[in-house]
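Quick notes on the structure that follows.
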Amino acid sequence: QVHLLESGGGLVQAGGSLRLSCAASGRTFSTYHMGWFRQAPGQERTFVAAVSWSLAATNYADSVRGRFTISRDNANNSVYLQMNNLKPDDTAVYYCAADQNYSDFFRPAGINYWGKGTLVTVSS
């Protein structure tokens, strides 16, 4: 069982930066692949970024590549999303996710564990 808690969301001006954190419980955190999804108002939940448990692989949505960076600290049971050059279109609730199968991050319905989300609002 894995429990996830996001933090770091807030209101930021376009062009600014935020760093999201996800604290995970569980003795086997390091064996789980981790990622982030987001859901904008009135839109479907979409993939943002993922990192494998060994840090051997990372993936990013085209809309955030070059601006966002995912990282993890297995010793501290945490995963992060550094978001730079934020745009109004980045406004969404951001969800931390964990799964034993890396491919599930490209099939959101298959994700095993979700956080409750943290709101990011980017103003013009």
Side-chain angles (χ1 to χ4, degrees):
Q1 185 68 254
V2 176
H3 300 280
L4 307 173
L5 180 62
E6 305 96 333
S7 63
L11 176 64
V12 65
Q13 293 290 121
S17 298
L18 284 174
R19 184 176 176 85
L20 304 184
S21 298
C22 176
S25 66
R27 294 168 293 174
T28 60
F29 169 79
S30 63
T31 70
Y32 286 85
H33 311 292
M34 303 293 297
W36 293 89
F37 292 78
R38 66 186 182 185
Q39 187 166 16
Q43 304 297 314
E44 65 182 358
R45 188 174 299 187
T46 59
F47 170 78
V48 176
V51 58
S52 64
W53 70 267
S54 66
L55 292 92
T58 57
N59 289 87
Y60 295 92
D62 289 342
S63 58
V64 307
R65 186 174 293 109
R67 299 187 298 121
F68 292 10
T69 302
I70 188 170
S71 61
R72 66 187 295 167
D73 183 349
N74 290 342
N76 290 318
N77 295 338
S78 299
V79 63
Y80 308 96
L81 186 69
Q82 179 66 45
M83 306 185 295
N84 297 327
N85 192 24
L86 283 160
K87 304 174 180 180
D89 285 348
D90 295 319
T91 295
V93 176
Y94 284 72
Y95 297 91
C96 182
D99 201 278
Q100 300 93 325
N101 301 115
Y102 196 66
S103 62
D104 282 352
F105 287 91
F106 313 103
R107 295 176 52 86
I111 293 291
N112 285 340
Y113 303 105
W114 293 99
K116 294 182 178 179
T118 185
L119 177 63
V120 172
T121 302
V122 184
S123 62
S124 300

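Values below: every heavy atom of this structure, side chains too, minus hydrogens, waters and symmetry copies.
Taken to the nearest 0.5 Å, the CZ atom of R72 stands 14.0 Å off from the CG atom of L81. Distance check, rounded to the nearest 0.5 Å: OG1 of T69 to CZ of R19 gives 9.0 Å. Q82 contributes atom CD, which lies 12.5 Å from atom CD1 of I70 (distance to the nearest 0.5 angstrom). Within the model, atoms OG1 of T91 and CG of L119 stand 8.0 Å from one another, a figure rounded to the nearest 0.5 Å.
A salt bridge between D90 and K87 is absent, with no side-chain N of the basic residue lying under 4.0 Å from a carboxylate O of the acidic one.
A donor-acceptor contact shorter than 3.5 Å is absent between the side chain of D104 and the backbone of I111. Without hydrogens or angle criteria, E6 side chain to C96 main chain gives a donor-acceptor distance under 3.5 Å. Proximity of a side-chain donor or acceptor of T118 to a complementary backbone N or O of G9 within less than 3.5 Å is detected.
The hydrophobic cluster containing F37 also contains V93, counting ILVMFWY residues as joined when their side-chain heavy atoms lie under 4.5 angstrom apart, directly or transitively. Residues Y80 and W114 are members of separate hydrophobic clusters, defined by side-chain heavy-atom contacts under 4.5 angstrom among Ile, Leu, Val, Met, Phe, Trp and Tyr.
Scanning both residues, S124 and Q13, for their nearest heavy atoms gives O-NE2, 3.4 Å. The minimum heavy-atom distance linking S17 with N85 is given by the pair OG-N, 4.2 Å. Taking each heavy atom of V79 and M34 in turn, the nearest pair found is CG1-CE, 3.7 Å. Taking every heavy atom of both residues into account, Y60 and A49 meet most closely at CD2-CB, 3.7 Å. Among all heavy-atom pairs drawn from M83 and L20, the shortest one is CE-CG, 3.7 Å. Shortest non-hydrogen contact noted between N101 and D99 is N-OD1, 2.8 Å.
Side-chain contact between Q100 and Y113 is present, with heavy atoms from C-beta onward closer than 4.5 Å. Counting heavy atoms from C-beta on, the side chains of F105 and N59 never come closer than 4.5 Å. Here the side chains of L55 and N74 are in contact, with some heavy-atom distance below 4.5 Å.
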Next item on the list: Begin with the C-alpha distance, continue with both residues' side-chain angles, and end with the deciding distance and a verdict on side chain to side chain contact (heavy atoms under 4.5 Å, CB included) for R38 and V64.
Entry: CA-CA 11 Å; R38 66 186 182 185; V64 307; 3.9 Å; yes
Next item on the list: Dump the intermediate steps for side chain to side chain contact (heavy atoms under 4.5 Å, CB included) on L4 and Y95, then the final yes or no.
Entry: CA-CA 9 Å; L4 307 173; Y95 297 91; over 6 Å; no
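Using a 30° and 60° split on the angle between ring planes, F106 and Y102 fall in the perpendicular class, above 60°. Note: F68 and Y94 have tilted aromatic rings, judged against thresholds of 30 and 60 degrees for the angle between ring planes.
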